[in-house]
Student: 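Below are the structure tokens for one structure; questions will follow.
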Amino acid sequence: MSDLAERTRYVPAEVEPRVFARWLEAGVHRADPEGEGETFSIAIPPPNVTGVLHMGHALNGAVQDTLIRYHRMLGERVKWILGTDHAGIATQTQVERLLASEGSSREALGREAFVARVWEWRETYGGTIVEQLKRLGATCDYDHERFTFDEAYAHAVVEVFVALFEQGYVYRDHYMVNWDPGSRSAISDLEVEEREETDTLYCIDYPLASGSGSLTIATVRPETMLGDTAIAVHPDDERYTRLVGEYAILPLVGRRLKIIADPYVKPDFGTGALKITPAHDPNDFEIGRRHGLEEVSVIGEDGRMTAAAGERWAGMEVMECRAAVVAELREQRLISRQEPYVHDVPCSARSGERIEPLISLQWFMRMDELAAPAIAAVRDGRVRITPEGQQRRYLEWMEGIRPWCVSRQLWWGHQLPVWYRNGETYVGRTPPVGDDWTRDPDVLDTWFSSALWPFATLGWPEPTAELEAFYPTSVLSTARDILFLWVARMVMMGLQFAGDVPFRDVYVHSVIQAPDGRRMSKSLGTGIDPLDLIDGGPRPPVFQTGPHPPGDFPAYGADGVRFGLLAMSSTQDVRFNEDKIAQGTQLANKLYNASRLIITRASGEDIDAALQSPQALPSEVTSSAGPGLRGVPAEPAAVAAEGRPTEAETDVPLEDRWILSRLARAKARVADAIDAYEFHHAALRLYDFVYGDLCDWYLEIVKPRLGTEGGVALRVLRETLAMAHPIIPFVTEELWAHVPGGDGLLATSRWPAQAPEAVDEDAERELGDAIDAIRELRSWRDGMGVRPGAVLPAQLDGHAATAEMIARLGRLRPADGEVVVRLASGIGILASEEVDFEAERRRTDERRATLRAEIQRAQGKLANDRFVARAPAAVVGAERDKLAALERELDGLDG
RNA sequence: GGGCGGUUAGCUCAGCUGGUCAGAGCGCCUGCCUUACAAGCAGGAGGUCCCCGGUUCGAGCCCGGGACUGCCCACCA
């Protein structure tokens with residue numbers, strides 16, 4: 001885009017690849033662990049190797065890169081740790097699916113060949129998402145990309161596992177687990193989700209051993225009765241008290257079942273009698289352990305009935321067995337009732353299949369002791385979680401934490417450093433010495449390795465310079481769905497192994513939903529590929545809403561997408577809003593055209609003036625004020641502050657003082673918003689400044705003199721580009737190259753310094769009055785139907801300093817004569833044939849009525865003694881001023 | 001069954017510690033191709049701030065109750 005003068009439109013597609021290449025070449029993404037000064041680091045939530053960029057990645061990418069660029073521009077040594085996750089189950093499933101399509105399977109290949117195949121797959125498809133991040137403009141540390149399964153990382157994983165074993169946190173036990181028949185592995189509680197299903201509830205009669213009658217139980221899983229070892233009733237349930245201690249006979253099996261009393265049973269639910277299957281129901285398991293019941297495992301890990309189920313049923317699949325059991329019971333007339341039953345059933349978040357609870361020999365990790373310091377770290381503020389609601393969630397979950405099943409029956413993952421021989425178990429960093437040792441085939445839960453991410457990526461357990469410089473990381477930005485799965489565990493592991501919290505701040509960003517409020521998901525057809533927004537691409541049907549023409553997305557460009565995502569983000573879930581993306585694209589275009597105007601008109605003197613100005617050049621200024629210490633009020637004080645004429649400001653034109661003041665406020669507001677993780681505010685405040693202050697008013701006012709006195713315009717442009725850069729990096733970097741004095745890359749320049757001294761209440765008030773006057777004038781002209789091009793004769797008495805700009809922007813010609821229209825701003829319009837005075841009379845009458853009503857309201861308020869007595873003096877004063885102004889205007893109309 | 005959040009203009013959303021807080025973008029209406037930008041500019045219409053009580057001189061903003069809605073956690077056969 002060298003022909004700035006020619007092209008009237010910013011075209012992202014032409015610019016972005018070139019600009020990104022410059023950043024990479026210059027190494028803006030590199031971080032020096034040995035340098036001086038503050039550091040700032042973020043560890044990216046490692047996307048799955050097999051993953052492709054979705055909206056969540058894009059939003060999080062925009063958030064993280066905005067933070068990273070902002071802090072880089074503050075002069076800090078910045079590192080954005082990049083990498084991918086080997087994602088055990090997810091990846092294994094994908095490759096298995098591929099194998100299936102080839103008519104093969106992992107069993108056919110064998111473990112070693114299978115794992116080799118997954119690595120191969122990773123080489124082929126693994127880098128996609130990293131390339132996609134570049135399209136967003138993300139300046140991650142591409143030179144040091146990590147993988148949760150690379151050699152050094154694996155070393156850290158073994159180190160941690162062994163240490164946890166030695167410290168007594170990790171142990172092996174027969175315990176109830178969530179068995180996922182889909183992936184044929186145990187999964188953790190966090191990977192289980194409820195799904196509503198319609199089942200059949202069967203009421204089954206269990207005859208009493210005494211021969212006198214029977215006890216009826218209700219169940220949706222009749223096949224599990226083969227593993228029943230008791231019947232439980234509530235201790236206070238009078239219907240059954242006399243039966244407690246007696247026995248029932250398990251139909252089909254003949255086992256004697258003790259009737260026990262346990263408060264878990266709800267007397268008013270079902271029949272009030274509960275069959276107890278300790279080996280296949282989590283509750284029954286607990287009850288069983290409380291009462292010392294036998295655990296009969298009748299369903300195996302292969303999803304078939306075991307030998308313990310009985311010869312007759314062994315080998316059947318679960319559903320098959322259920323049908324057979326029901327048929328048999330029916331034949332024996334033991335089913336007294338059956339009805340459809342809708343309830344929530346646990347399913348695997350991985351495979352989607354229904355969880356089969358069963359007792360299995362697995363490796364577990366005791367969490368309560370590790371959780372304690374991680375709870376304390378959040379409570380005392382060493383880790384701050386934003387927004388606050390998420391902090392509550394974290395604490396509640398941590399306080400009720402349960403043991404974590406960490407072993408998985410998969411092939412793709414960190415294999416447990418555990419070996420067995422006869423009755424012996426060996427856990428160690430190196431294989432055991434001696435013969436006949438067999439290694440445990442299981443691998444660790446993916447989240448076990450992810451939990452080490454912030455320090456394992458920096459070289460731990462070696463005491464590296466990187467670890468020294470960048471640990472703890474500064475911020476973790478993530479979606480809320482992995483707060484427990486990942487974030488909480490990182491805090492525990494970081495404290496236990498790296499000696500400190502893994503991050504100072506956790507920012508939990510929004511989840512972006514489809515326009516109809518559903519989840520964005522490829523399978524539902526509600527997902528969007530962020531690259532389709534950047535480059536233009538298919539717009540799915542659910543997004544064909546609103547004013548957008550049907551068909552593909554236009555090429556919004558990376559800046560537009562970043563801006564839009566930040567602008568629509570919030571502390572809660574939000575619906576995708578294409579208009580916000582478009583708004584970002586418009587902003588980029590607006591900046592482009594404003595730059596065109598300023599740059600192409602700039603004269604040599606302007607450039608000198610801009611370059612000599614002390615505050616002018618972001619690349620030369622020192623560091624900005626710290627967070628929250630900017631000393632700049634967000635808006636002019638309601639009550640006029642004392643005028644503060646400084647330096648030689650009397651020489652500086654009013655509008656220049658004004659724009660510098662507005663800029664000072666904008667910088668403070670944008671910086672505050674970024675520091676507070678209020679990215680929607682940061683984006684929209686930037687937009688407001690560029691449109692509302694810079695383009696709509698300042699540039700319109702100074703346009704005629706840009707060729708001769710454009711120094712301030714150039715200064716402001718430079719600072720604006722720098723201020724905007726963290727949010728919309730491409731267009732600002734591109735324009736930077738065209739701005740006089742814009743040496744080097746904007747990405748490595750300084751963010752503009754905060755300038756509270758530039759805030760000029762007087763200038764803001766004075767120019768604000770002029771703006772109000774122009775607006776009123778334009779509105780009046782439009783309402784009166786005055787010809788747009790007509791230049792009206794007028795008196796501008798009350799606006800000495802701003803008369804010229806009011807006249808120009810309001811199309812007036814200063815003149816003397818009879819004032820026939822008096823506007824609220826004091827401007828008097830003289831007689832001319834351009835104005836329809838009949839219409840003006842009507843307008844004046846309407847205005848009089850409104851004024852009288854408002855005056856009455858104000859008078860009423862001031863006549864209220866309690867208001868005058870109890871409201872703060874400033875509020876009462878403001879009301880009096882308002883009344884005076886209204887009366888003045890009314891006098892003007894009447895006079 | 002608990003817990004948390006939301007309900008503000010036709011749509012998507014801002015509104016900090018109660019006093020110009022009734023806003024933005026888009027859409028809609030009107031007028032302008034004004035030599036930075038027509039994917040632009042100027043002007044305008046449009047809201048009982050979910051409902052009912054309460055506190056207060058004054059309440060989208062605080063308190064109580066209710067309605068609707070979303071999410072999280074939870075082992076009711």
Side-chain angles (χ1 to χ4, degrees), chain A residues 4-5 8-10 176 194 201-202 217-221 224 232 264-266 268-277 281-287 341 343-344 346 357 387 389-390 392-393 396-397 400 480-481 483-484 511 513 515 517 545-548 554 564 567-568 570-580 582-583 585-586 589-601 634 638 676 678 680-681 684 687-688 691-692 695-696 699-700 703 706 774-775 778-783 785 787-789 809 811 861 864-872 874-876 878-879 882:
Chain A
L4 205 60
T8 62
R9 184 99 209 137
Y10 173 67
M176 174 124 308
E194 302 293 319
L201 183 71
Y202 298 93
I217 59 86
T219 181
V220 291
R221 301 203 55 191
T224 61
Y264 167 77
V265 184
K266 306 262 185 298
D268 50 357
F269 194 89
T271 62
L274 182 60
K275 71 194 253 321
I276 301 298
T277 321
D281 182 282
N283 303 310
D284 294 6
F285 179 77
E286 296 294 334
I287 294 171
Y341 186 70
H343 64 150
D344 291 334
Q390 299 305 317
R392 253 198 309 278
R393 272 183 74 215
E396 280 168 19
W397 184 75
R480 112 170 84 49
D481 55 346
L483 189 65
F484 309 147
V511 171
Q513 305 168 325
T545 55
H548 310 289
M568 75 181 85
S570 159
T571 53
Q572 61 180 72
D573 291 354
V574 290
R575 298 189 181 188
F576 180 77
N577 185 188
E578 187 176 342
D579 292 334
K580 283 282 193 292
Q583 198 180 344
T585 303
Q586 308 281 52
N589 185 243
K590 196 75 178 173
L591 266 181
Y592 173 79
N593 276 295
S595 303
R596 246 165 40 92
L597 172 67
I598 297 171
I599 294 166
T600 55
R601 297 271 182 91
E678 291 173 355
H680 58 296
H681 282 149
L684 294 172
Y687 181 94
D688 286 345
Y691 270 76
C695 294
D696 290 350
L699 290 180
E700 291 302 331
K703 210 188 275 187
L706 275 180
I774 294 165
R775 283 208 171 113
R778 284 171 172 170
S779 174
W780 173 79
R781 290 176 61 120
D782 206 58
R787 195 165 53 82
L809 298 178
R811 298 214 170 149
K861 210 167 176 184
N864 182 345
D865 294 339
R866 294 197 293 179
F867 171 71
V868 177
R870 302 198 193 185
V875 174
V876 178
E879 196 62 34
K882 186 176 159 193

Student: Please report, rounded to the nearest Å, how far the P atom of B:rG43 is from the CG atom of A:L809.
Tutor: 11 Å

Student: Considering heavy-atom distances to RNA chain B, does A:S779 or A:N593 have its closest nucleotide positioned more toward the 5' end?
Tutor: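 Whichever sits nearer the 5' end wins; that is A:N593.
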
Student: Distance check, C1' atoms only: B:rC33 and B:rG40, in whole angstrom units.
Tutor: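 Their C1' atoms lie roughly 10 Å apart.
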
Student: Going from OG1 on A:T224 to CG on A:D284, what distance comes out if it is rounded to the nearest 0.5 angstrom?
Tutor: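 Result: 7.5 Å between the selected atoms.
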
Student: Output the single nucleotide from B:rA39, B:rA36, B:rU34 whose closest atom is nearest the side chain of A:R811.
Tutor: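 Nearest nucleotide to the side chain: B:rU34.
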
Student: Base, sugar-phosphate or nothing for A:V265? Non-hydrogen atoms, less than 4.0 Å.
Tutor: base

Student: Quantified in whole Å, what is the P atom distance between nucleotide B:rC11 and nucleotide B:rC50?
Tutor: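 Straight-line distance between the two P atoms is 14 Å.
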
Student: With C1' as the reference atom in both, quote the distance from B:rC49 to B:rA14 in angstrom, rounded to an integer.
Tutor: 13 Å

Student: Check whether any side-chain N or O of A:Y341 sits under 4.0 Å from OP1 or OP2 of B:rA77, and answer yes or no.
Tutor: yes

Student: Say you pick atom C1' in B:rA9 and the same atom in B:rA22; how far apart are they, in whole Å?
Tutor: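 Approximately 10 Å lies between the C1' atom of B:rA9 and that of B:rA22.
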
Student: Counting just side-chain N and O atoms, does A:R392 come under 4.0 Å of either OP1 or OP2 of B:rG5?
Tutor: yes

Student: Return the value, rounded to whole Å, for the distance between atom CH2 of A:W397 and atom P of B:rC71.
Tutor: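 These atoms are roughly 22 Å apart.
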
Student: Can you give one letter per nucleotide of nucleotides 12-24 of chain B, 5' to 3': B if a protein heavy atom sits under 4.0 Å from the base, S if only from the sugar-phosphate, - if neither?
Tutor: BSSS---B-----

Student: Ignoring hydrogens, what is the shortest heavy-atom contact between A:P346 and A:E194? Give both atom names and the distance.
Tutor: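 Looking at all heavy atoms of both residues, the closest pair is N-OE1, 3.8 Å.
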
Student: B:rA77, B:rA36, B:rU30: which one has an atom nearest the side-chain heavy atoms of A:D782?
Tutor: B:rU30

Student: Where the side chain of A:S595 meets the backbone of A:L591, is there a donor-acceptor pair that is under 3.5 Å apart?
Tutor: yes

Student: What is the distance from atom CD of A:E286 to atom OH of A:Y264, rounded to the nearest 0.5 Å?
Tutor: 10.5 Å

Student: How long is the span from the NZ atom in A:K590 to the OH atom in A:Y687, to the nearest 0.5 Å?
Tutor: 8.5 Å

Student: Ring-plane angle category for A:W397 and A:F484, please: parallel below 30°, perpendicular beyond 60°, tilted otherwise.
Tutor: parallel

Student: Please check if the side chain of A:N593 supplies one atom and the backbone of A:T8 the other of a donor-acceptor pair under 3.5 Å.
Tutor: yes

Student: Using the side-chain heavy atoms of A:D344, tell me which of these nucleotides is nearest: B:rA74, B:rA39, B:rC72.
Tutor: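 Among the listed nucleotides, the one closest to the side chain of A:D344 is B:rA74.
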
Student: Considering only atom C1', compute the distance from B:rC71 to B:rC28 and round it to an integer number of Å.
Tutor: 34 Å

Student: By the rule that syn is within 90° of 0, classify the base conformation of B:rG60 as syn or anti.
Tutor: syn

Student: Distance check needed: B:rC76 P versus A:I287 CD1, whole Å only.
Tutor: 13 Å

Student: Output yes when at least one side-chain N/O atom of A:R775 is less than 4.0 Å from OP1 or OP2 of B:rA42, else no.
Tutor: no

Student: Identify which nucleotide among B:rC32, B:rG3, B:rC26 has an atom closest to any side-chain atom of A:D579, counting heavy atoms from C-beta outward.
Tutor: B:rC26

Student: Nearest whole angstrom, please: distance from the P of B:rC76 to the NZ of A:K266.
Tutor: 9 Å

Student: Please map the stems of RNA chain B, keeping only stretches of three or more Watson-Crick or G-U wobble pairs with both distances under 3.5 angstrom.
Tutor: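 In RNA chain B, stems of three or more pairs: B:1-7 with B:67-73, B:10-13 with B:23-26, B:28-32 with B:40-44, B:50-54 with B:62-66.
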
Student: So what does A:E700 hit on the nucleic acid, given a heavy-atom distance under 4.0 Å: a base, only sugar-phosphate, or nothing?
Tutor: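 Result for A:E700 = base.
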
Student: Looking at A:R781 and A:R811, would you say the former's side chain and the latter's main chain have a donor-acceptor pair under 3.5 Å?
Tutor: yes

Student: Between B:rG31, B:rC37, B:rA36, spot the one nearest the side chain of A:P788, thanks.
Tutor: B:rG31

Student: Mind calculating the distance between CD (A:E578) and C1' (B:rG27) to the nearest angstrom?
Tutor: 14 Å

Student: Where the side chain of A:K590 is concerned, which of B:rG40, B:rG43, B:rC72 is the nearest nucleotide?
Tutor: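 Nearest to the side-chain atoms of A:K590, counting from C-beta on, is B:rG40.
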
Student: From CD of A:E396 over to C1' of B:rC71, roughly how many Å is that when rounded to an integer?
Tutor: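 Atom-to-atom, A:E396 to B:rC71, this comes out as 14 Å.
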
Student: Measure the OH-CG distance between A:Y691 and A:L684 for me, rounded to the nearest 0.5 Å.
Tutor: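 That separation rounds to 12.5 Å.
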
Student: P atom, B:rG47 versus B:rC63: distance in rounded Å?
Tutor: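 Here B:rG47 and B:rC63 have their P atoms 29 Å from each other.
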
Student: Using whole Å, what does the distance between atom C1' of nucleotide B:rC37 and atom CD1 of A:I599 come to?
Tutor: 14 Å

Student: Please measure how far the C1' atom in B:rC13 lies from the corresponding atom in B:rG70, and state the result in whole Å.
Tutor: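 Pairwise C1' distance, B:rC13 against B:rG70, rounds to 16 Å.
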
Student: Taking the basic N atoms (NZ, or NE/NH1/NH2) and the acidic carboxylate oxygens, is any pair closer than 4.0 Å for A:K703 and A:E700?
Tutor: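 The answer is yes: the pair qualifies as a salt bridge.
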
Student: In Å, rounded to the nearest 0.5 Å, how long is the span from NZ of A:K275 to CG of A:D281?
Tutor: 8.0 Å

Student: If I take atom CD in residue A:Q586 and atom C1' in nucleotide B:rC41, what distance separates them, rounded to the nearest angstrom?
Tutor: 13 Å

Student: Report the nucleotide, chosen from B:rC4, B:rC26, B:rA77, that has the shortest atom-to-atom distance to any side-chain atom of A:L274.
Tutor: B:rA77

Student: Tell me which of A:V220 and A:R596 sits closer to the 5' end of RNA chain B, going by the nucleotide each one is nearest to.
Tutor: A:R596

Student: Base, sugar-phosphate, or nothing for A:K882, non-hydrogen atoms under 4.0 angstrom?
Tutor: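 No contact.
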
Student: Given the P atoms of B:rA59 and B:rC72, what is the spacing between them in whole Å?
Tutor: 38 Å

Student: With heavy-atom distances below 4.5 Å as the criterion, would you say the side chains of A:Y202 and A:I217 are in contact?
Tutor: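 Heavy-atom side-chain distance check fails, nothing below 4.5 Å.
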
